[in-house]
Amino acid sequence: MALNLAHQIGSLAGTQIAAEVTTGEQSSSATANVSGVRKVPLANLRCNAPGEALSPPILTPPLTPRSAENRPAMMSPSLSAACQAFGTLSPLETAEESSASVAWKEGGKKEEKKGVPVYVMMPLDSVTNGNTVNRKKAMNASLHALKSAGVEGIMIDVWWGLVEREAPGAYNWGGYAELLEMAKKHGLKVQAVMSFHQCGGNVGDSCTIPLPKWVTGEIEKDPDLAYTDQWGRRNYEYLSLGCDTLPVLKGRTPVQCYADFMRAFRDNFKHLLGDTIVEIQVGMGPAGELRYPSYPEANGTWKFPGIGAFQCYDKYMLSSLKAAAEAAGKPEWGSTGPTDAGHYNNWPEDTPFFKKEGGGWNTPYGEFFLTWYSQMLLEHGERILSSATSIFDGAGVKISVKVAGIHWHYGTRSHAPELTAGYYNTRYRDGYLPIAQMLARHGAVFNFTCIEMRDHEQPQDALCAPEKLVKQVALATGAAQVPLAGENALPRYDEYAHEQILRASSLNVDGSAVDREMCAFTYLRMNPSLFHPDNWRRFVAFVKKMNEGKGARRCWEEVEREAEQFVHVTQPFIQEAAVALMH
């Protein structure tokens, strides 16, 4: 079988990939004027075929959330040939290209190549409770397959609840050291997520990893360390930002604990920073997102598309609210949050606070409260980002922050679900520009979800508008001059979703010809379904199109034909990855 496979791949390697056609000359620089390239709208990615109709798939229920020295020393001949055949390996960089690559890693402009690099999220339980790599054989085969497909790298959750589980300052990096070395061996870059939240209770959480034992012990002593709603329900996904600067964790503040964790990560993996580890995504809330836990799925508390609930009723948040109200000369506003904002599963018009006509959100009190609530979230992000940028300064990595794509009820005036999550975004106010400006001050990347969604796929009675939301965020990041990266919110394997991601990542949101694309896209998530032959073929074609960039003019079917041939000759190790992941 091995000889036969090598023979087939060798034959494929001898074929020439069709070259792209442009009109006029095109510079390789991402900042060059590309007016000479004849642009074709991404909406026309498909070849014209008689009778072919593009229709959305039947959606499944939501599941939760090149330097030379980094090249693998020993890549198998069959894989090497296959990669070359599909055009995924590039020649060694020149000194100028290497310099440009480093500049981009450190927050400069992406000038060394066009296209949007694709990363793939690893399973949430990639590292076990025993601090070892989970399903090691499957992981190795999967990384092998991802690299062969032209994927730039992987995203790994580095769980606070695993690494510093037993005692303050006692870090166990065992499983992560092994996993990062595996990524390096396969020539994959790594986006490392500093996951200071609990795993479990959110969309798609397939396992449970609580906060460190000693942290949950402190919460048991002082329940107000947890976010709290107006009915007294505690949320243990993430520590309340109300206690950010208070020494409530055995003499340290939460922000100090997060900084010490990141510093320990830097010191332990400094030999991989800037080469294998190219990005640090800093967790700032539930699901690693900069937001309040306003729509918790655990125990059926919230169900889509409910408006959620404000999370400001622990004693630390209420103390801050009281001080803000007194400073505003309105002490009567500081005793509690809105009491007429409904329940988690209400809709805006069900509530006095969020209704469009005469709603409390659009009154002086509502403006005061929502400004305070969102400002607390921004200050939380600012504190952690200041630590992160200082700790990783000069390490050659990008810093990023994830913001949630809360698209339901976006078409209403109040945007209630965004408000309860901490984004002061309404029909009359841009809530994403302040976030983008805060990230720009620290040279961080704005990472946004729901990139794969189309408006008409979502419940229109709930006025869902993910495409309009993504456009708003793209405009805000453009205005703030901050790089934008994307993720898909739900697992999707169909071309319809892939084409939407390609369209969104091109950032052609205002009709201008500015040569701006997303700086990266992270695909959710690696699992056995990804390696199903049909899904894998479509994924390989998708990665190829993303890597080519928005100036590419080849239709989807042309790329997929190449992908199909590629998948056929590499079937043995793809099948190995799929089988290993299922066991």
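For clarity, every value in this text was computed on a predicted model and none was experimentally measured. Note that these values count all heavy atoms, side chains included, but never hydrogens, waters or copies made by symmetry.
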Spacing of L469 atom CG and N425 atom CG [to the nearest 0.5 Å]: 7.5 Å
Parallel, tilted or perpendicular, as decided by the 30° and 60° cut-offs, for the rings of H407 and F304: tilted
Check against side-chain contact (heavy atoms from CB on, under 4.5 Å), R266 and M262: CA-CA 6 Å; R266 178 202 65 190; M262 290 188 285; over 6 Å; no
From Q375 atom CD to S320 atom OG, the distance as rounded to the nearest 0.5 Å: 10.0 Å
Derivation and outcome, side-chain contact (heavy atoms from CB on, under 4.5 Å), residues R516 and N508: CA-CA 8 Å; R516 178 178 180 240; N508 289 329; over 6 Å; no
Salt bridge (Lys or Arg N to Asp or Glu O under 4.0 Å) partners for D393, two or more places apart: none
Backbone N/O of G150 and side chain of E152: donor-acceptor pair under 3.5 Å: no
Test log, rule side-chain contact (heavy atoms from CB on, under 4.5 Å), inputs H415 and W361: CA-CA 10 Å; H415 292 229; W361 63 277; over 6 Å; no
Distance in Å, F448 CZ paired with L484 CG, rounded so as to fall on 0.5 Å steps: 8.5 Å
Residue from V255, L225, T253 passing side-chain contact (heavy atoms from CB on, under 4.5 Å) with C243: L225
E279 side chain to I277 backbone, donor-acceptor under 3.5 Å: no
side-chain contact (heavy atoms from CB on, under 4.5 Å) assessment of Y316 paired with L239: CA-CA 11 Å; Y316 302 107; L239 288 169; over 6 Å; no
K147 side-chain N/O to G187 backbone N/O, donor-acceptor pair under 3.5 Å: yes
Centroid-centroid distance, Y523 to F539, less than 6.0 Å: yes
Check: F269 ring centre within less than 6.0 Å of Y176 ring centre: no
Sub-4.5 Å side-chain heavy-atom contact between D275 and K189: yes
L321 versus G337, closest heavy-atom pair with distance: CD2-N, 4.1 Å
Salt-bridge criterion met for R441 and E382 (N-O under 4.0 Å): yes
Side-chain touch Y236/L211, heavy atoms, less than 4.5 angstrom: no
Gap between atom CE of M284 and atom CZ of R291 - 0.5 Å precision: 14.0 Å
N-O pairing of E367 and R429 below 4.0 Å: no
Minimum-distance pair of heavy atoms, taken over all atoms of E517 and G115: OE1-N, 3.3 Å
Approximate separation, where rounding is to 0.5 Å, of T276 OG1 and L188 CG: 9.0 Å
Closest non-hydrogen atom pair between A489 and M453, with its separation: CB-CE, 3.8 Å
Backbone of G242 reached by a side-chain donor or acceptor of D314 within 3.5 Å: no
Backbone N/O of L241 and side chain of Y227: donor-acceptor pair under 3.5 Å: yes
Within residues 383-392 or reaching into it, pairs that qualify as side-chain hydrogen bond (donor to acceptor under 3.5 Å, both in side chains) - sequence neighbours excluded: D244-R383
Residue pair L249 / C257: nearest heavy atoms and the distance that separates them: CD1-SG, 3.7 Å
Result of checking K468, E418, Q472 against Y410 for side chain to side chain donor-acceptor pair (under 3.5 Å): Q472
Reported CE-to-CD1 distance for the pair M121 and I156, which is rounded to 0.5 angstrom: 13.0 Å
Side-chain touch P491/L524, heavy atoms, less than 4.5 angstrom: yes
Validation row: R492, Q500 side chains within 4.5 angstrom (heavy atoms): no
Heavy-atom closest pair, residues R538 and E495: CD-CG, 3.5 Å
N488 to T522 - nearest heavy-atom pair and separation: OD1-O, 3.4 Å
Evaluation steps, ring-ring contact (aromatic ring centres under 6.0 Å, His included), between F310 and F369: CA-CA 11 Å; F310 292 112; F369 173 78; 5.0 Å; yes
Plane angle bin for F265 and F392 - parallel if under 30°, tilted between 30 and 60°, otherwise perpendicular: perpendicular
Sidechain-backbone polar pair: D260 side chain, R263 backbone, donor-acceptor under 3.5 Å: no
Y424/Y373 under ring-ring contact (aromatic ring centres under 6.0 Å, His included): CA gap, chis, key distance, verdict: CA-CA 8 Å; Y424 192 177; Y373 190 66; 9.9 Å; no
